[in-house]
Amino acid sequence: MTATDAPATETRQNPLNAAAIPGALVRYRTLAWITGIWLLFLVGEMIAKYGFGNDGFGWVGIVHGWVYFIYLIFCVDLAIKARWGIGKTVATALAGTIPFLSFYVEHIRTRDVKTQYGL
């Protein structure tokens, strides 16, 4: 098979570390969901605090902050392995700061990586 016989649907060559992409994708997906859930808890905590004067859930913000930090690490890990551009990486990283967006972006990025690398 020559280079001109390659399928037209393949958009990117497999990187040298193609074997590492499935693990990085699973880690990213897991943390995207956990981050999204903790962000929803944080929204609930903010409603309880500012809407009802209940200050008993201050720890939720701390947990979300640490979970988001781990999400950032796994996002950058996948971005490096999948060779994302800086814009795509930053947009994916910021998805963990807007309620429900991490779920949507995780779905889109997973679909893209699976398509590009044949997973």
Side-chain angles (χ1 to χ4, degrees):
M1 178 185 258
T2 64
T4 58
D5 294 335
T9 58
E10 187 175 341
T11 58
R12 186 178 295 230
Q13 296 291 330
N14 284 341
L16 296 175
N17 57 357
I21 289 178
L25 183 60
V26 168
R27 288 187 297 273
Y28 161 73
R29 292 182 73 187
T30 302
L31 260 295
W33 275 87
I34 292 171
T35 300
I37 290 168
W38 276 102
L39 183 58
L40 293 176
F41 287 152
L42 182 62
V43 168
E45 188 263 335
M46 291 294 161
I47 291 170
K49 181 176 181 178
Y50 295 111
F52 301 104
N54 186 348
D55 289 335
F57 301 103
W59 55 271
V60 173
I62 296 169
V63 173
H64 170 68
W66 281 105
V67 168
Y68 181 70
F69 178 69
I70 297 167
Y71 166 79
L72 289 176
I73 292 169
F74 289 156
C75 178
V76 170
D77 178 48
L78 179 61
I80 290 169
K81 289 179 174 136
R83 297 183 179 179
W84 290 348
I86 189 72
K88 190 175 196 177
T89 303
V90 169
T92 305
L94 289 176
T97 63
I98 300 171
F100 297 106
L101 190 60
S102 68
F103 305 121
Y104 176 72
V105 171
E106 177 272 326
H107 174 74
I108 299 300
R109 296 297 184 247
T110 299
R111 183 189 64 203
D112 292 347
V113 168
K114 284 183 175 182
T115 301
Q116 288 176 349
Y117 297 105
L119 303 175

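Treat the numbers as computed from the prediction; the structure is a model and nothing was measured.
Rounding to the nearest 0.5 Å gives a distance of 4.5 Å between CG of L39 and NE2 of H64. Of the inter-residue distances, the one linking L101 atom CG with I108 atom CD1 reads 10.0 Å to the nearest 0.5 angstrom. Expressed to the nearest 0.5 Å, how far CZ of R109 lies from CD of Q116 amounts to 10.0 Å. From I47, atom CD1 reaches atom CG of N54 across 12.5 Å, with rounding to the nearest 0.5 Å.
Remark: side-chain polar atoms of Y117 are paired, donor with acceptor, to backbone N or O of A82 under 3.5 angstrom.
Between S102 and A32, the closest heavy-atom pair is OG-O, 3.3 Å. Looking at every heavy atom in both residues, F57 comes nearest to A48 through CD1-CB, 4.3 Å. Annotation for A79 and T89: closest pair CB-OG1, 3.3 Å, computed over non-hydrogen atoms. Closest approach of L40 to P99, counting heavy atoms only: CD2-CB, 4.1 Å. Between A95 and Y71 the shortest heavy-atom distance is CB-OH, 4.0 Å.
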Given the rule in the side-chain contact (heavy atoms from CB on, under 4.5 Å) test, do Y28 and T92 qualify, once you have shown the distances and angles that lead to the verdict? CA-CA 10 Å; Y28 161 73; T92 305; 3.3 Å; yes

Start with the C-alpha gap between L94 and I98, add the side-chain angles, then the distance that decides, and say whether side-chain contact (heavy atoms from CB on, under 4.5 Å) holds. CA-CA 8 Å; L94 289 176; I98 300 171; over 6 Å; no

Would you check, one step at a time, whether the test side-chain contact (heavy atoms from CB on, under 4.5 Å) holds for V43 with F100? CA-CA 11 Å; V43 168; F100 297 106; over 6 Å; no

Step by step, would you call L78 with W84 a side-chain contact (heavy atoms from CB on, under 4.5 Å)? CA-CA 8 Å; L78 179 61; W84 290 348; 3.7 Å; yes

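The ring pair (Phe, Tyr, Trp, His ring centres under 6.0 Å) pairs that include a residue from residues 33-54 are W33-F103, W38-F41, where partners are two or more places apart or lie in different chains. Within the structure, salt bridge (charged side-chain N to carboxylate O under 4.0 Å, His left out) contacts touching residues 18-38 (residues at least two apart or in different chains) are R27-D77, R29-E106. A salt bridge (charged side-chain N to carboxylate O under 4.0 Å, His left out) check over residues 41-54, counting only residues at least two apart or in different chains, returns nothing.
Between L25 and K81 the shortest side-chain heavy-atom distance does not fall below 4.5 Å.
Cluster annotation: I70 and V26 are assigned to distinct hydrophobic clusters (Ile/Leu/Val/Met/Phe/Trp/Tyr, side-chain heavy-atom contacts under 4.5 Å, transitive).
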